[in-house]
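So the structure is just underneath, and the comments pick up after that.
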Protein chains: 2
Amino acid sequence: MSLILQNIAKHITLSPEEQRHFLSKTEVHHFKVKSILLHSGQICTHSYFVNSGTLRSFNINDNIVEHVLNFACEGYWIGDMYSLISQKPGNLFIEVLEDAEVVLLSKENQELLYTEIPKLERFFRILTENSLVANQERLMDNLSLSAEERFEKFCKKYPTLIQKVPQKQIASYIGVTPEFFSKMKSRLLRK
Amino acid sequence: MSLILQNIAKHITLSPEEQRHFLSKTEVHHFKVKSILLHSGQICTHSYFVNSGTLRSFNINDNIVEHVLNFACEGYWIGDMYSLISQKPGNLFIEVLEDAEVVLLSKENQELLYTEIPKLERFFRILTENSLVANQERLMDNLSLSAEERFEKFCKKYPTLIQKVPQKQIASYIGVTPEFFSKMKSRLLRK
DNA sequence: TATTTTTCTTAATCTAGGTTAAGTGCTAGC
DNA sequence: GCTAGCACTTAACCTAGATTAAGAAAAATA
């Protein structure tokens, strides 16, 4: 069974018929490292599910500084939720960090599926709830933990990512500069 | 029409029948200032909708420092999403900041309603999506804006709250100490 | 009204993390 | 196999915001 159907099966049960129908509404694409799936200022038209490889979403503020919102590796969904639901231009980029196979689900098909297979509304509700919980925890961590503690949590949560993505992007995710991250890392190693 | 039905009507349409049924699954309670609706360590059993008054959710870390996750005034929902969906003990408190009339919706009734009135699944999906977007923006703001800029955004987003809640709690929400907040405020006034 | 508690302010001092800058080491194209 | 461009490191110096402490103002309670 495909990864995306396994992902869905964690929360709801689809009949073989429904599974086939769901897949028929998606497209699989292959992207090379450094491909940009979504540019800041564009309207986000799809949700992305990662079959293999790694993506990230990030924004760039006035000072030309990047901030990583999310990483997505195998089995994760990614997109620009703000732009996707408002259908207004967003301020996120979505970029490929490692050659990736990605399942694309367009907003129209997603909405269509909600009415054709109402259970999918439940699935995406649960998915969104889980994202919200993760986000709230990250927000509270940013308010109350030191950079070192945030890094430790990151390592536990995404052990595989550390070898895969440039460390300056991990620095950005936990909210410090690459220079400080480097200093902190060598401090930790000396222990 | 009650505030909570108006809130629902922003996203889905319920028949009078369905409206009555929905309300029959909720309870209205009145709470005095300083009441605690949920303690850290408890399992969250309800979603709360504020008819009037003001609530906040916050956690307390090891150092006995409070961090405000959310404020909820008239027309807002609040709860401990982590605890509510996992049914495990959470680490949030929910406290009344101004005498409040609150609509309580138990988790069981919420799930029941999902099956009885599937449209409600859509409603709560949309609600959660909007929370997620707001949270992501706040997270990015914390990573990229100064305390002053975060305060300005807060003032625009919650203009009524500034008079209503102690300023040390606004400080906590934007992620600074009360002392620094006070300094910053007088700096802004001098301009 | 007096008293207690809480919130807010101010100021001195401190520090986690930022900035700037220079140098080292990869690795991807050519 | 060279070279350009990233990614990473190190170090000196800087700053936004934290900490500590003490007092003033406001609000709750008696």
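Numbered from 1 within each chain, the chains take letters A, B, ... in sequence-line order.
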Checklist entry - Cluster partners of Ile43(B), using ILVMFWY side-chain heavy atoms under 4.5 angstrom, listed by chain and number? => result none

Next on the checklist: Nearest whole Å is fine: how far is dG17(C) P from Asn142(A) CG?
Outcome noted: 11 Å

Checklist entry - When all nucleic acid strands are considered with a 4.0 Å heavy-atom cut-off, which category describes Arg150(B): base, sugar-phosphate, or nothing? => result sugar-phosphate

Checklist entry - Which pairs, with at least one residue in residues 79-89 of chain A and sequence neighbours excluded, count as a side-chain hydrogen bond (donor to acceptor under 3.5 Å, both in side chains)? => result none

Checklist entry - How do Lys34(B) and Thr177(B) order along DNA chain D: which one's closest nucleotide is nearer the 5' end? => result Thr177(B)

Next on the checklist: Run the ring-ring contact (aromatic ring centres under 6.0 Å, His included) test against Tyr158(B) and tell me which residues pass, sequence neighbours left out.
Outcome noted: Phe154(B)

Could I get a table of every N or O pair under 3.5 Å where one atom is in the protein and the other is in nucleotides 7-9 of chain C?
unit_1, atom_1, unit_2, atom_2, d
dT7(C), OP2, Lys168(B), NZ, 2.8
dC8(C), OP1, Gln167(B), N, 2.8
dC8(C), OP2, Gln167(B), N, 3.2
dC8(C), OP2, Lys168(B), N, 3.0
dT9(C), OP1, Lys185(B), NZ, 3.1
dT9(C), OP2, Gln167(B), NE2, 2.4
dT9(C), OP2, Ser182(B), OG, 3.0
dT9(C), O5', Ser182(B), OG, 3.2

Checklist entry - Which stems, defined as runs of 3 or more consecutive Watson-Crick or G-U wobble pairs with both pairing distances under 3.5 Å, involve DNA chain C? => result C:1-30 with D:1-30

Item to check | Transitive ILVMFWY cluster of Val96(B), excluding itself - 4.5 Å side-chain cut-off | outcome: Phe31(B), Leu37(B), Leu38(B), Tyr48(B), Val50(B), Leu55(B), Ile78(B), Ile94(B), Val102(B), Leu104(B)

Checklist entry - For Glu101(A), what residues pass the salt bridge (charged side-chain N to carboxylate O under 4.0 Å, His left out) criterion, not counting sequence neighbours? => result none

Checklist outcome for this item: Under a 4.0 Å heavy-atom criterion, DNA chain D is touched by chain A from dA7(D) to dT10(D)

Next on the checklist: If the condition is salt bridge (charged side-chain N to carboxylate O under 4.0 Å, His left out), which residues does Lys32(A) pass it with, not counting sequence neighbours?
Outcome noted: Asp99(A)

Checklist entry - What integer distance in Å separates Arg187(B):CZ from dT10(C):P? => result 13 Å

Checklist outcome for this item: With sequence neighbours left out, the residues meeting salt bridge (charged side-chain N to carboxylate O under 4.0 Å, His left out) with Arg187(A) are Glu148(A)

Item to check | Hydrophobic cluster (4.5 angstrom, side-chain heavy atoms) - remaining members for Ile117(A) | outcome: Met1(A), Leu3(A), Ile4(A), Leu5(A), Ile8(A), Ile12(A), Leu14(A), Phe22(A), Leu23(A), Val28(A), Phe49(A), Trp77(A), Val103(A), Leu105(A), Leu113(A), Tyr114(A), Leu120(A), Phe123(A), Phe124(A), Leu127(A)

Checklist entry - Listed by chain and number, what are the salt bridge (charged side-chain N to carboxylate O under 4.0 Å, His left out) partners of Arg150(A), not counting sequence neighbours? => result none

Checklist entry - Do Tyr76(B) and Phe71(B) have ring centres separated by under 6.0 Å? => result no

